[in-house]
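Below is one structure, written out as structure tokens; the observations come after it.
Note that the coordinates shown come from a computational prediction; the quantities given were computed from them, not determined experimentally. Whatever order the structure lists them in is the order used to number ligands and atoms, beginning at 1. In what follows, every heavy atom counts, from backbone to side chain, and hydrogens, waters and symmetry copies are set aside.
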Amino acid sequence: MEKFANKKIVLAVSGGIAAYKAADVASWLTKNGAQVHCVLTKAAAEFVSPLVLQSLTGYPVVQDEFVTGPGWGIVHIELAAGADLLAVIPATANIIAKIAAGIADDALTSTVLAATCPLFMAPAMNTHMYENPATQQNLQILRGRGWQIMPPDNGRLACGAVGQGKLPAVEAIELELEQLLLAATAEPGRRDLAGKRVLVTAGPTTEPIDPVRYISNRSSGKMGYAVATRAAERGAEVLLVSGPTALQPPDGVRFVQVESACQMREAVLAEYAACDVVIMAAAVADYRVAEPADHKIKKTGDNQEMTLRLLRNPDILQELGEAKQQQFLVGFAAETHNLEEYAKGKLAAKHADLLVANDVSRADAGFDVDTNQIIIFAADGGRQTYPLTTKLAAADYILDAVAARINI
Ligand code: C5P
């Protein structure tokens, strides 16, 4: 499946030294199925060859608003029409100022003025130019008009100075673009989960040792919070039961804070009967301390060892699976090896309807990162591998798989 099939993207390149990096972005978008139309300023064409962009995208590169040819209309209007995203990469101080002022004196600025799609820019320039109040005020104006502006990185700039102004890494830009494109995909106002009660668990659990210490794990809660966020945006009535995380509860979601696995179990069971969908994204601790102390445990004498006796925690998902009525159950499997085998085993053992598996040994998937690469196994035999993507987009993939099965 190509992530950006049927997407039309206008890649606007202005004339900074970082312009050559636009070629990587153009190539990545094209490889993922997008139609990429590049429009360049005169200066940009000095830094990156239009022929490179044309060869990578397969479309003619627009540099002149007065080009004509058989079948060509007014080029900047045609470029802007029906675009899913317009991205200015890199955006120089000059182009930012012109766009803020509404100037349309070349193909790029005319296209920007004619665009009605989501707008993105990645400014890149010398630190003093970036920090200049003129540039900062222009960026502020653009933000106010709904532009998504990615701040430049700190680092060594082409001019030799060190400071803020560097174009962010291409991979970081790609992630931003992906988020915008996929957010734009979920047709605004899609409410395919309206009327559904969805319970989501998220985060780690903490299992107390004494009043100041606990055992826990590295779950950040980001995946579960993303699922709760998107489920609410898609119309569901969402209850988020969360272990301790550093995240803000999403808007429009009923929120219950818990700490231990036993507390999570109670909170979930209290709501289970009324739920249509339960998505167990929490990393529930498998064991708890058998006898947590009610006072802080002190170092005693010269004792060099201490032993904690652990008890197995209840398996919440399994319990839900065994008591299942109308509920549609989704479990997660974070594995470092034998992903498929363990995931399928859990799907069956826990009587889940879907199991979302991810390989947490990858640096770009799993704990505490903003991206994830998931495979969904279904009790009906379905199996789908998804591309590496943001956790919000992964949440949409999961909810798509749920919606396809409950809305029949
Ligand atoms: O068996 P394992 O812990 O690997 O299974 C992971 C799935 O089971 C996750 O969906 C997790 O939320 C859920 N789980 C649970 N109760 C536990 C342990 C895991 O509900 N005690």
Side-chain angles (χ1 to χ4, degrees), residues 198-208 214-228 231 238-245 247 256-273 275 277-290 310-324 327-361 365-368 372-379 391 394-395 397-399 401-402 405:
V198 177
L199 190 160
V200 182
T201 65
T205 63
T206 54
E207 308 298 329
Y214 58 77
I215 298 175
S216 190
N217 61 59
R218 295 169 46 140
S219 166
S220 66
K222 285 178 180 171
M223 192 61 239
Y225 278 57
V227 171
V238 180
L239 170 65
L240 175 60
V241 177
S242 174
T245 74
L247 306 172
V256 174
Q257 172 84 61
V258 297
E259 290 180 353
S260 65
C262 291
Q263 289 172 358
M264 184 170 277
R265 173 178 176 273
E266 266 178 44
V268 169
L269 288 183
E271 301 282 342
Y272 187 50
C275 290
V277 179
V278 179
I279 302 180
M280 288 285 303
V284 186
D286 290 328
Y287 291 89
R288 67 180 179 278
V289 177
L310 302 178
L311 294 180
R312 186 77 173 257
N313 267 331
D315 189 319
I316 307 169
L317 182 56
Q318 177 131 24
E319 212 172 316
L320 300 182
E322 283 160 9
K324 187 156 79 169
Q327 297 91 345
F328 189 89
L329 289 186
V330 183
F332 278 67
E335 305 292 350
T336 53
H337 57 285
N338 296 347
L339 183 72
E340 174 147 6
E341 189 189 328
Y342 286 135
K344 284 187 173 160
K346 278 180 197 177
L347 182 66
K350 295 179 189 246
H351 310 287
D353 297 288
L354 293 182
L355 206 108
V356 181
N358 61 310
D359 177 352
V360 290
S361 65
F367 295 127
D368 211 25
N372 209 354
Q373 206 262 304
I374 57 168
I375 307 175
I376 298 182
F377 298 93
K391 284 188 173 168
Y397 290 145
I398 296 165
L399 294 171
V402 173
R405 290 172 171 85

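- One option in I279, L320, V284 has a heavy atom closer to atom 17 (C) of ligand 1 than any other, and that option is V284.
- Residue L317 places at least one N or O, backbone or side chain, under 3.5 Å from an N or O of ligand 1.
- A 6.0 Å sphere centred on CD of E259 holds no more than 12 heavy atoms belonging to other residues, nucleotides or ligands.
- Nearest protein heavy-atom contact of atom 8 (O) of ligand 1 is K350 NZ, 3.1 Å.
- Taken from CZ in F377 to NZ in K346, the straight-line distance is 11.5 Å, to the nearest 0.5 Å.
- Checking only distances, F332 does come within under 3.5 Å of ligand 1, N or O to N or O.
- With 3.5 Å as the limit, one finds a donor-acceptor pair spanning the side chains of D359 and S361.
- Without hydrogens or angle criteria, D353 side chain to L329 main chain gives a donor-acceptor distance under 3.5 Å.
- Here the closest non-hydrogen pair linking A285 and A261 is O-CB, 4.2 Å.
- Checked by atom type and distance alone, the side chain of R288 pairs as donor or acceptor with a backbone atom of R312 at under 3.5 Å.
- Counting non-hydrogen atoms of other residues, nucleotides and ligands closer than 6.0 Å to CZ of F328 gives a total above 12.
- For a threshold of 3.5 Å applied to N or O pairs, the pair formed by M280 and ligand 1 contains at least one separation below that value.
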Report task. Could you walk me through whether V278 and V330 pass the side-chain contact (heavy atoms from CB on, under 4.5 Å) test, one step at a time? Result -> CA-CA 6 Å; V278 179; V330 183; over 6 Å; no

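- Every atom of ligand 1 is numbered from 1 in the order shown, and the set under 4.0 Å from a heavy atom of G331 is 10 (O).
- Contact between A282 and ligand 1 is present, with at least one heavy atom of the residue lying under 4.0 Å from the ligand.
- Of the protein's non-hydrogen atoms, I316 N, 2.9 Å is the one closest to atom 16 (N) of ligand 1.
- Residue P314 places at least one N or O, backbone or side chain, under 3.5 Å from an N or O of ligand 1.
- With a 4.0 Å cut-off on non-hydrogen atoms, Q318 does not touch ligand 1 at all.
- At a 3.5 angstrom cut-off on N or O pairs, E335 does not count as close to ligand 1.
- The distance from ligand 1 to the heavy atoms of D286 drops below 4.0 Å at these ligand atoms: 3 (O), 18 (C).
- Between T201 and ligand 1 there is no heavy-atom distance shorter than 4.0 Å.
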Query - salt bridge (charged side-chain N to carboxylate O under 4.0 Å, His left out) evaluation trace for K324 with E319 - result: CA-CA 9 Å; K324 187 156 79 169; E319 212 172 316; over 6 Å; no

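- Nearest to atom 4 (O) of ligand 1 among the protein's heavy atoms is K346 NZ, 2.3 Å.
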